[in-house]
Amino acid sequence: RTLASKQAGRFESLFCFAEMTEISEKLAHMKHMPALITATLATASPTQSFIITDIVNMSFESHEARGFLLRYLLNQLVATKNVYVKLKVLQLLTALVERGHIEFKISLSKQTEGIAEASKLVTKEASIASDCSKIRDLAIRLLELLFDDSNDNSRRQPAIAQFQRQGDASSFGGGGSSSS
């Protein structure tokens, strides 16, 4: 074989590997889709707190999981015109910034166009005016959180680990400290 054909063969192998990696990454994130779809349904009902906690915990799984969450939520924020979806996505992003992996906050702080756009949302429809106001307020709060270094906790842990530590700290009759 010539050098050119060997290089072409390597290129094909790398291309096939890249395709397989992309497919395997997509399959790995499929397990997250039910929670994300449920959390961002286009309904007035609020997202249940256990689903928010599950999504926050996803940010601690891997770098790829954080990237997937970020892409999915930002796409939902920008692509939809539904006020309920926008509101829920901003609530999830806020929870992830406050309680999620610090890398999620850092990555999101570099991609704020959709949040900035939501902070300026206006409508002429009276039926959704209060929801638009909530979206603007939440987007502004999220932008403030993203760029507030005083709330930077680089030692964050998944919510389940925090819950387990709290359970370990108190005894079975409950209560917190047992000072005499």
Side-chain angles (χ1 to χ4, degrees), residues 25-26 28-163 165-166:
E25 284 179 14
K26 286 180 181 178
H29 300 305
M30 290 300 290
K31 67 181 179 182
H32 300 309
M33 290 308 296
L36 288 168
I37 290 168
T38 301
T40 57
L41 284 175
T43 64
S45 62
T47 303
Q48 296 178 348
S49 61
F50 75 91
I51 294 176
I52 294 172
T53 300
D54 286 348
I55 292 170
V56 167
N57 285 337
M58 286 177 205
S59 75
F60 290 95
E61 288 182 8
S62 67
H63 175 76
E64 290 78 18
R66 287 185 288 281
F68 173 76
L69 279 171
L70 185 64
R71 285 188 306 275
Y72 178 84
L73 292 171
L74 288 177
N75 183 55
Q76 288 290 97
L77 181 64
V78 173
T80 188
K81 298 211 180 284
N82 186 289
V83 293
Y84 300 122
V85 174
K86 286 186 181 292
L87 192 57
K88 290 176 181 184
V89 167
L90 287 168
Q91 289 168 338
L92 288 170
L93 289 171
T94 300
L96 283 158
V97 166
E98 291 177 332
R99 304 187 323 250
H101 195 283
I102 190 66
E103 189 179 294
F104 186 89
K105 177 182 177 182
I106 292 167
S107 296
L108 181 59
S109 70
K110 297 174 184 174
Q111 302 179 51
T112 59
E113 297 85 15
I115 302 166
E117 186 179 308
S119 72
K120 300 171 189 165
L121 189 64
V122 293
T123 185
K124 294 178 183 176
E125 294 182 45
S127 62
I128 61 170
S130 69
D131 292 319
C132 285
S133 175
K134 290 176 190 175
I135 289 169
R136 283 192 307 271
D137 292 346
L138 194 52
I140 291 167
R141 179 173 178 259
L142 179 55
L143 288 169
E144 290 170 351
L145 283 172
L146 282 172
F147 298 105
D148 179 15
D149 290 336
S150 66
N151 190 24
D152 193 13
N153 181 4
S154 59
R155 294 173 33 141
R156 298 179 190 177
Q157 296 194 6
I160 190 71
Q162 293 171 351
F163 177 75
R165 278 199 314 275
Q166 290 172 353

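When a residue number appears, it is its place in the shown sequence, counting from 1.
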Supply the atom-to-atom distance [X] [atom1] to [Y] [atom2], rounded to the nearest 0.5 angstrom.
X	Y	atom1	atom2	answer
L92	Y72	CG	OH	9.5 Å
R141	D148	CZ	CG	11.0 Å
L93	L74	CG	CG	6.0 Å
Q76	R71	CD	CZ	13.5 Å
H63	H101	NE2	NE2	10.5 Å
S59	D54	OG	CG	11.5 Å

Heavy atoms only: give me the nearest [X]-[Y] pair and the separation to one decimal.
X	Y	value
A39	I51	CB-CG2, 3.7 Å
S119	I140	CB-CG1, 3.8 Å
M30	P34	O-CD, 3.5 Å
A118	L77	CB-CD1, 4.4 Å

Exercise. Is there a donor-acceptor contact under 3.5 Å from the side chain of S109 to the main chain of I106?
Worked result: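 It does hold such a pair.
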
For this session: Give a yes or no answer on whether the side chain of T112 reaches the backbone of I115 with a donor-acceptor pair at less than 3.5 Å.
Result: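 Looks like no, no N/O pair under 3.5 Å.
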
Side chain proximity check, [X] to [Y], heavy atoms < 4.5 angstrom:
X	Y	value
L69	L36	yes
V89	T80	no
R99	T53	yes
L41	Y84	no
F68	E64	no
L73	L96	yes

For this session: Check each of L145, I52, L146 against T94 using the side-chain contact (heavy atoms from CB on, under 4.5 Å) test, and report the only one that passes.
Result: L145

Problem set entry | Sequence-distant partners of E103, salt bridge (charged side-chain N to carboxylate O under 4.0 Å, His left out), two or more places apart | R66

For this session: Inspect the surroundings of CD in Q111 and state if more than 12 heavy atoms from other residues, nucleotides or ligands are less than 6.0 Å away.
Result: yes

Problem set entry | Residues that T43 engages under side chain to side chain donor-acceptor pair (under 3.5 Å), provided they are two or more places apart |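 With neighbours one apart ignored, the set is S45, K88.
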
Run the side-chain donor-acceptor check on residues 120-139: report pairs under 3.5 Å with partners two or more places apart or on a different chain.
unit_1	atom_1	unit_2	atom_2	d
T123	OG1	E125	N	3.1
R136	NH1	L121	O	2.6

